Amino acid sequence: MDTHIFQNKDFSAAYQKGMFLVSEKVNHLVLSYLEEKKGKPFELAIDAGCGTGISTRMLAPYFQKVIGIDMSESQLSEARKMTSQKNIHYQISKAEKMPVDDSSVDLLHSALAAHWFDPEMFAQETARVLKPGGCLALQSASAIKKLLENDKHVADILKSQYEDIFRAIPFLDKKRITDIQETFLVTVPDIMDLIRAVCLYHTFLEQDKEKAVEFLQDLEKSFFSVLGESASDTRLELNVKFFCLLASKA
């Protein structure tokens, strides 16, 4: 799996600007599950593969401390620029080797990133860092599979809805919830920004910048030809299905 694109500053800026695929329904499920299994107080959350900190900032109001970890300094630099919450800390780290003590984490969370993890090593590290009653929550969107189809390995992981990770997690209390539908009201510029936020598009830019730019221009023209001059302001419904993996350490 080629992850060099995540070190690209232009990609990180585009990701922060355009990635809006965050499910409020899934976030509610995650926090409700944690309260059911462990109960309050919620002390420490780890957001693994946090990228530019979109989901890290979402967790901040509910925990005493949140640590966002990622292998990309470019992504974390963008995250720090966007973060004002004092209880958030960012650190370069692999999800398979986290910078925390044994049995210290209430919630280990990852959004739109677990397909980059090594399933067996990540499962072992999950068992090490979670407190008794602590929870794992992985979430992604089915649409991401379509956007990463050039990487067959990653696409297969998403198609299976993290089946390899699910099997590797050494907890009896675990489940997957699928077909969680969210509706986003978006404009054509929002859709263009979302495409620019996908690593596949930046790989396309690296390989053939002229064709990549032309592709977006043609797509935008198609929207305007259908929607007319008001396309920039017209709100469109974008329906996206999410899934999540939840597990609790006994």
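Predicted model only: the values in this text are computed from it and were never measured.
- No side-chain donor-acceptor contact under 3.5 Å links Asp70 to the backbone of Leu76.
- Crowding of Leu185 atom CG: a count of heavy atoms from other residues, nucleotides or ligands under 6.0 Å exceeding 12.
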Exercise. List the steps and the verdict of side-chain contact (heavy atoms from CB on, under 4.5 Å) for Leu112 and Met19.
Key: CA-CA 10 Å; Leu112 308 179; Met19 183 51 65; 3.9 Å; yes
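- Using a cut-off of 4.0 Å between Lys/Arg side-chain N and Asp/Glu carboxylate O, Arg128 and Glu125 are scored as salt-bridged.
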Quiz item: Going through the checks in order, is the side-chain contact (heavy atoms from CB on, under 4.5 Å) test met by Phe11 and Cys199?
Solution: CA-CA 7 Å; Phe11 170 75; Cys199 57; 4.1 Å; yes
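- Side-chain N/O atoms of Asp190 and Thr187 include a donor and acceptor closer than 3.5 Å.
- Ring-centre distance between Tyr162 and Phe243: below the 6.0 Å cut-off.
- Here the side chain of Lys174 pairs a donor or acceptor atom with the backbone of Phe166 at under 3.5 angstrom.
- Side chains of Asn239 and Phe184 form no contact here, defined as non-hydrogen atoms less than 4.5 Å apart.
- Judged by distance alone, the side chain of Ser110 and the main-chain N or O of Ala48 form a donor-acceptor pair under 3.5 Å.
- Note on residues 46-67: no pairs pass salt bridge (Lys or Arg N to Asp or Glu O under 4.0 Å), not counting sequence neighbours.
- Met98 is listed as a side-chain neighbour of Leu108, based on a closest heavy-atom distance under 4.5 Å.
- Looking at heavy atoms from C-beta onward, Ile67 lies in side-chain contact with Leu44 at the 4.5 angstrom threshold.
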Practice problem: Assess whether side-chain contact (heavy atoms from CB on, under 4.5 Å) is satisfied between Tyr33 and Leu31, documenting all intermediate values. | Solution: CA-CA 5 Å; Tyr33 183 78; Leu31 293 168; over 6 Å; no
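- Lys94 has its side chain out of reach of Phe117: every pair of non-hydrogen atoms, C-beta onward, lies at least 4.5 Å apart.
- Residues Val100 and Met121 do not share a hydrophobic cluster, defined by chaining ILVMFWY side chains whose heavy atoms lie under 4.5 Å apart.
- A side chain to side chain contact (heavy atoms under 4.5 Å, CB included) with Ser248 is found for one member of Asp173, Leu136, Leu130 and no other, namely Asp173.
- Closest heavy-atom contact between Pro99 and Gln91: CB-NE2, 3.3 Å.
- Note on Ile92: it clusters hydrophobically with Tyr15, by side-chain heavy-atom contacts below 4.5 Å among ILVMFWY residues.
- Remark: the backbone N or O of Ser104 is not paired with any side-chain donor or acceptor of Asp101 at under 3.5 angstrom.
- Panel note: side chain Arg176, backbone Gln161; a donor-acceptor pair is recorded below 3.5 Å.
- A donor-acceptor distance shorter than 3.5 angstrom exists from the side chain of Gln7 to the backbone of Met71, with no hydrogens or angles considered.
- Proximity of Leu246 to Cys135: side-chain heavy atoms (C-beta onward) are nowhere separated by under 4.5 Å.
- Remark: Leu227 CG to Leu236 CG distance equals 5.5 Å, nearest 0.5 Å.
- Met82 and Val66 are assigned to two separate hydrophobic clusters, defined by single-linkage of ILVMFWY side chains at heavy-atom distances under 4.5 Å.
- Annotation for Ala247 and Ile169: closest pair CB-CG2, 4.0 Å, computed over non-hydrogen atoms.
- In this structure, CG in Leu59 is found 10.5 Å from CD1 in Ile46, a value given to the nearest 0.5 Å.
- Counting all heavy atoms, side chain and backbone alike, Ala127 lies closest to Pro170 at CB-CG, 3.9 Å.
- Here the shortest heavy-atom pairing between Ala95 and Ile69 reads CA-CD1, 4.1 Å.
- Side-chain atoms of Glu182 and Ser23 include a donor-acceptor pair closer than 3.5 Å.
- Side chains of Ser12 and Gln75: a donor on one and an acceptor on the other come within 3.5 Å.
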Quiz item: Would Val30 and Leu107 count as a side-chain contact (heavy atoms from CB on, under 4.5 Å) if you check the C-alpha gap in whole Å, the side-chain angles of each, and the deciding distance to 0.1 Å?
Solution: CA-CA 9 Å; Val30 168; Leu107 176 68; 3.9 Å; yes
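- Distance check: Asn8 CG to Ile5 CD1 gives 5.0 Å after rounding to the nearest 0.5 Å.
- The two atoms that bring Val240 and Ala141 nearest to each other are CG1-CB, 3.8 Å, heavy atoms only.
- Screening residues 72-85 for salt bridge (Lys or Arg N to Asp or Glu O under 4.0 Å), with sequence neighbours left out, gives Glu73-Arg80, Glu78-Lys81.
- Cluster annotation: Ile195 and Phe224 are assigned to distinct hydrophobic clusters (Ile/Leu/Val/Met/Phe/Trp/Tyr, side-chain heavy-atom contacts under 4.5 Å, transitive).
- Between Lys38 and Asp106, some side-chain heavy-atom pair lies under the 4.5 Å cut-off.
- In the hydrophobic clustering of this structure, Phe20 groups with Tyr201; members are Ile, Leu, Val, Met, Phe, Trp, Tyr whose side-chain heavy atoms approach within less than 4.5 Å, directly or through other members.
- Between the side chain of Gln16 and the backbone N or O of Ala79 there is no donor-acceptor pair closer than 3.5 Å.
- Closest of all the heavy-atom pairs between Ala168 and Pro119 is CB-O, 3.8 Å.
- Side-chain rings of Phe63 and Phe42 approach one another, their centers coming within less than 6.0 Å.
- Here the side chains of Met58 and Ile54 are not in contact, with every heavy-atom distance at 4.5 Å or above.
- Inspection of the Ser77 and Tyr90 side chains reveals no N or O donor paired with an N or O acceptor under 3.5 Å.
- Side chain of Lys25 to backbone of Gln181: a donor-acceptor contact under 3.5 angstrom is found.
- For the pair Thr83 and Thr56, the minimum side-chain heavy-atom distance is 4.5 Å or more.
- For the residue pair His202/Gln207, the side-chain donor-acceptor check at 3.5 Å is not satisfied.
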